[in-house]
Colleague: 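Could you have a look at this structure, given as structure tokens, before my questions?
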2 protein chains.
Amino acid sequence: MARTTGSTSVETGQRLRRAAVSLFARHGYAAVSMRQIAAETGVQVGALYNHTTDKQSLLFDLLSDHMDDLMAALDQVVLPADPVLALEAFTRFHLRYHAERPDAVFIAYMELRNLTPENFMQVESQRRAYEARLEEILRRGKAGGVMHVADVKLACLAIIALLTGVTTWFRPAGRLSQAEVEDIYWDMTRRLVDA
Amino acid sequence: MARTTGSTSVETGQRLRRAAVSLFARHGYAAVSMRQIAAETGVQVGALYNHTTDKQSLLFDLLSDHMDDLMAALDQVVLPADPVLALEAFTRFHLRYHAERPDAVFIAYMELRNLTPENFMQVESQRRAYEARLEEILRRGKAGGVMHVADVKLACLAIIALLTGVTTWFRPAGRLSQAEVEDIYWDMTRRLVDA
DNA sequence: GTCTATATCCGGATAGAC
DNA sequence: GTCTATCCGGATATAGAC
């Protein structure tokens, strides 16, 4: 189906990526076929290969670009010098950014094992760079005596797990609004480090 | 390869399940073939079907039995009447139980989407029953004024996410021992509810 | 209960016309 | 850039001998 005239390479490429993100999130990378992706994109199978070299590259690009976007978005946030305020800013940013892209977030941590070892290492290092930002905040808070952090690395992992877990159940039409969830989670995060 | 004499149905069935858990955890349900499972089990493909009706049933049985075992193990734990002590007991139980079966835990929350809708509903209800135990503790702690819990449901989900996240990185040979991790996570959990 | 062999289908990826 | 047609390997599951 779907328009063969008027379509540019960029547009089809975008539709392909959106289709892949949606399908991978719902069924998992390994369970989704290139035929399904083609159908969702609105082209025939062969045409996909004008926009990606193979299925693995498609997954890698989605994950790697997601991490790039996440880092770039965090860089736009002005993190206050005060560690507690910085932690609040980080918490709210993380929740909001993830709430806006549930599918991309979901595959970013569910499909890591379907990357080739080289691709996995690359994405892992991007993820560590992101976590390092949080670790730095916790380290400053601990050094300044305004947070109780027994172990910076563990607190970092705990907070990330805590916050990212929201994406597994949050629905905009649910009992709580995004803003309410954000407030409650910031409250819990703050208490977790005793700030 | 593999003994055809001296093997009983039960033994092969156990080996099959162990092989499946290990492979599913490493590569994901959809990415693992029955051939691989057969090789790891030490039998030929056809023999697998004496012990499971199909691949989907195999996954379902693993997940459902895991949830049953988890509930049964929790039932063995004597939860103190005091909510804070009960939360500590729950936290330590959860960490220890999950640390002992990293593979089973991993697939129990990674492979939910590969269940058929009916099977998914069944396992989901088992999972909710487990979470209800934690919710009850938090509800009592809040009612008794010994915990600060803005929202019981969210605190429950947050704590589960926090604790279960440990399985994604914990290795016995790592920087911290199981006991150290347990203490630090109980400390963070306690602070999270301000107990 | 396990084996070998096979039916049947679906997967990723490519070739070549338009 | 997209289409149709196809190669080819590997998937689940079954049949029938031992």
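Please read all numbers here as calculations on a predicted model, not as lab measurements. Below, read A as the first sequence line, B as the second, and so on, with proteins coming before strands; counting in each chain starts at 1.
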Colleague: OP1 or OP2 of C:dG1 versus the side-chain N and O atoms of B:Thr12: is any pair under 4.0 Å?
Modeller: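 Result: no.
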
Colleague: Using only side-chain N and O atoms of B:Gln44, determine if any of them is under 4.0 Å from OP1 or OP2 of C:dT4.
Modeller: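 Yes, within the criterion.
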
Colleague: Could you tell me how far apart B:Leu48 (CG) and D:dT14 (P) are, to the nearest whole angstrom?
Modeller: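 Rounded to the whole Å, the gap is 12 Å.
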
Colleague: Assess A:Arg133 against A:Tyr130: is NZ or CZ under 6.0 Å from the centre of the six-membered ring, and within 45 degrees of the ring's axis?
Modeller: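 Cation-pi check for A:Arg133 and A:Tyr130: fails.
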
Colleague: Can you tell me if B:Glu40 uses its side chain to pair, donor with acceptor, with the backbone of B:Ala19 under 3.5 Å?
Modeller: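 Here the side-chain-to-backbone pair does not exist.
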
Colleague: For the pair made of NE2 in A:His51 and P in C:dA13, what is the distance, rounded to whole Å?
Modeller: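 These atoms are roughly 16 Å apart.
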
Colleague: Please report the distance, rounded to the nearest Å, between CG in A:Asn50 and P in C:dC18.
Modeller: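 In whole Å, C:dC18 P and A:Asn50 CG are 18 Å from each other.
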
Colleague: Minimum heavy-atom separation for B:Phe24 and B:Leu58, please, with both atom names.
Modeller: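 Taking every non-hydrogen atom into account, CZ-CD2, 4.4 Å.
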
Colleague: Have a look at B:Asp61 and tell me which of B:His66, B:Arg17, B:Gln56 forms a side chain to side chain contact (heavy atoms under 4.5 Å, CB included) with it.
Modeller: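 For B:Asp61, the side chain to side chain contact (heavy atoms under 4.5 Å, CB included) test succeeds with only one of B:His66, B:Arg17, B:Gln56, which is B:Arg17.
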
Colleague: When you compare the protein's N or O atoms with those of nucleotides 11-13 of chain D, which come within less than 3.5 Å of each other, and at what distance?
Modeller:
from   : atom 1 : to      : atom 2 : distance (Å)
D:dA11 : OP2    : B:Arg35 : NE     : 3.2
D:dA11 : N7     : B:Arg35 : NH2    : 2.5
D:dT12 : OP1    : B:Met34 : N      : 3.2
D:dT12 : OP1    : B:Lys55 : NZ     : 3.3
D:dT12 : OP2    : B:Met34 : N      : 2.8
D:dA13 : OP2    : B:Tyr49 : OH     : 3.2
D:dA13 : OP2    : B:Lys55 : N      : 3.1

Colleague: Given a cutoff of under 4.5 Å between side-chain heavy atoms of I, L, V, M, F, W and Y, with clusters grown through shared members, what are the other residues clustered with B:Phe106?
Modeller: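 Besides B:Phe106, the hydrophobic cluster comprises A:Phe106, A:Tyr109, A:Met110, B:Tyr109, B:Met110, listed by chain and residue number.
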
Colleague: Between A:Arg15 and A:Thr41 (side chain of the first, backbone of the second, donor and acceptor by atom type, cut-off under 3.5 Å), is there such a pair?
Modeller: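 Yes; at least one donor-acceptor contact below 3.5 Å.
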
